[in-house]
Asker: 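Before anything else, here's the structure in question.
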Protein chains: 2
Amino acid sequence: MTIGTDAPRRTRIQQEKRELILEAALEVFSTNGFRGSTIDQIAEAAGMSKPNLLYYFRRKEDIHETLMQRLLDTWLAPLRELDDIGDPLTELRSYIRRKLEMARDFPRESRLFANEILQGAPRIMPLLAGELKTLVDEKAAVIKGWMRAGKIAKTDPWHLIFSIWATTQHYADFDVQVRAVLGPNRGGDGRFEDAARFLEQLFLDGLKPKG
Amino acid sequence: MTIGTDAPRRTRIQQEKRELILEAALEVFSTNGFRGSTIDQIAEAAGMSKPNLLYYFRRKEDIHETLMQRLLDTWLAPLRELDDIGDPLTELRSYIRRKLEMARDFPRESRLFANEILQGAPRIMPLLAGELKTLVDEKAAVIKGWMRAGKIAKTDPWHLIFSIWATTQHYADFDVQVRAVLGPNRGGDGRFEDAARFLEQLFLDGLKPKG
DNA sequence: CTAACGTTTGTCCAATCGGTCAAAAATTTG
DNA sequence: CAAATTTTTGACCGATTGGACAAACGTTAG
């Protein structure tokens with residue numbers, strides 16, 4: 001019997017092996033991109049033969065698709081948590097902090113996503129224009145409410161969200177460059193705390209000198 | 001005769017054809033990544049046969065390498081222009097504006113660079129840790145001078161540069177996502193002006209309400 | 001014209017790719 | 001135990017890949 005992506009009934013071995021494959025595929029896809037990765041690479045990283053891997057996922061695309069589906073859920077969780085209750089500036093600050101923590105703790109997921117978008121999002125375009133746009137529009141409305149109430153400065157909520165995504169994910173997607181530029185002294189583990197401090201100041205106060 | 005990458009003597013035809021190939025390769029590489037692109041694709045985009053293309057560039061890597069070398073020069077030009085003369089806030093604002101204009105006018109170059117970094121910068125790592133780090137350190141020192149003089153708020157100059165890179169290049173690298181989220185109404189040509197307005201406000205004043 | 005040189009192409013090749021298949025091995029079930 | 005089922009593997013396939021090569025073609029200088 002072969003295991004389709006929509007077959008819900010799975011044995012213990014199937015669950016374990018599928019997890020093993022997805023973990024290996026995340027590693028391989030995120031560093032080589034979809035077309036740059038081979039089934040052999042993933043199979044080797046998962047410690048099994050290629051036909052064995054293809055017994056659990058019939059096609060290379062199925063692995064990638066499963067990975068992307070899981071990714072989007074966890075990836076958008078921080079934005080979903082952005083809520084109307086609580087102080088607006090505090091809410092935004094903790095959203096930025098959470099996104100930065102995700103860049104630190106799940107850089108492979110970030111790179112996998114970046115790879116997909118960079119190449120025109122051929123496989124998740126409907127999700128972007130659908131689920132993602134809906135969520136962002138909804139949160140933009142919340143932010144707009146804060147602006148109208150005078151709780152935060154008036155600007156464009158959509159571009160505000162973009163800038164938070166860009167600045168935080170930068171530390172995952174461009175990690176190699178960040179570490180190279182910071183050098184051996186400052187490029188160590190402390191770089192995320194430095195980034196958190198900087199981003200907090202940037203988003204709250206900007207660059208104008210006080211007074 | 002075959003044309004090596006370090007052969008300085010070139011006929012008129014060689015110059016023209018090499019330009020044609022590089023232009024085609026920029027298009028193909030930036031949308032498919034290095035491994036995702038084939039010599040055939042580039043040759044077809046350049047309007048010539050594969051062996052003909054290989055007459056001008058012996059290997060696929062040579063095309064990519066030439067492209068990356070040229071890229072870095074033009075890509076870092078805006079940062080090189082950041083100068084100590086003139087008002088600091090004005091200097092930074094025009095740096096942001098120039099970078100955003102590059103994201104708008106040269107998105108393929110931005111994506112080519114992003115692709116390379118995403119995959120660990122295997123081909124330009126020495127440049128990052130060398131030339132790039134030197135330049136950034138130098139400009140960070142200039143910015144630090146402004147901070148000491150009280151001209152701009154005190155923060156981390158390196159992370160400031162990172163955040164400018166991240167926010168501006170986002171509009172080239174994640175363009176598909178930006179347009180999908182903004183939708184057909186706001187995702188048109190005006191999005192770069194909206195971004196410019198937002199980024200100026202963000203970097204100057206932050207999000208705290210005035211008063 | 002002709003010889004030399006630069007350019008283009010058709011053909012070919014070995015390696016790698018995603019994926020199939022039947023049969024062996026391991027596991028579960030009765 | 002034995003039968004049924006699930007898992008694993010080696011061998012194989014057609015398509016695509018980067019690249020080699022010699023022959024044909026075009027151009028130019030003497």
Asker: Considering only NZ, NE, NH1 and NH2 on the basic side and carboxylate oxygens on the acidic side, decide whether Lys139(A) and Asp83(A) come within less than 4.0 Å.
Answerer: no
Asker: Mind checking whether Tyr171(B) and His159(A) have parallel, tilted or perpendicular rings, split at 30° and 60°?
Answerer: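 Correct class here is tilted.
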Asker: What's the CD1-P distance between Ile63(B) and dG19(D), to the nearest Å?
Answerer: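 Those two atoms, CD1 and P, are 9 Å apart.
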Asker: At less than 3.5 Å, do the side-chain atoms of Lys50(A) and the base atoms of dG18(C) form a donor-acceptor pair?
Answerer: yes
Asker: For Lys17(B), answer base if it contacts any base atom (sugar-phosphate contacts may also be present), sugar-phosphate if it contacts only those atoms, and nothing otherwise; contact means non-hydrogen atoms under 4.0 Å.
Answerer: sugar-phosphate
Asker: From the set dG18(C), dG19(D), dT17(D), return the single nucleotide nearest to any side-chain atom of Arg59(B).
Answerer: dG19(D)
Asker: Tell me which donor-acceptor pairs under 3.5 Å the side chains of residues 112-131 of chain B have, and how far apart each pair is, sequence neighbours excluded?
Answerer:
residue   : atom : partner   : partner atom : Å
Glu116(B) : OE2  : Arg123(B) : N            : 2.8
Arg123(B) : NH1  : Glu61(B)  : OE2          : 3.1
Glu131(B) : OE2  : Arg80(B)  : NH2          : 3.2

Asker: For the pair His170(B) and Phe162(A), name the ring-plane relationship: parallel under 30°, tilted 30 to 60°, perpendicular over 60°.
Answerer: tilted
Asker: So, does Asn52(B) get its side chain near the phosphate of dT9(C), meaning an N or O under 4.0 Å from OP1 or OP2?
Answerer: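 Yes.
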Asker: Please pick, from dC17(C), dG19(C), dG19(D), the nucleotide with the shortest atom-to-atom distance to any side-chain atom of Asp40(A).
Answerer: dC17(C)
Asker: Side-chain N or O of Tyr55(B) versus OP1/OP2 of dT8(C): is the shortest distance under 4.0 Å?
Answerer: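 Indeed not, no polar side-chain atom of Tyr55(B) lies that close.
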Asker: Ser49(A) side chain N/O closer than 4.0 Å to the phosphate oxygens (OP1, OP2) of dT9(D)?
Answerer: yes
Asker: Closer than 4.0 Å, any side-chain N/O of Gln14(A) to the OP1 or OP2 of dT7(D)?
Answerer: yes
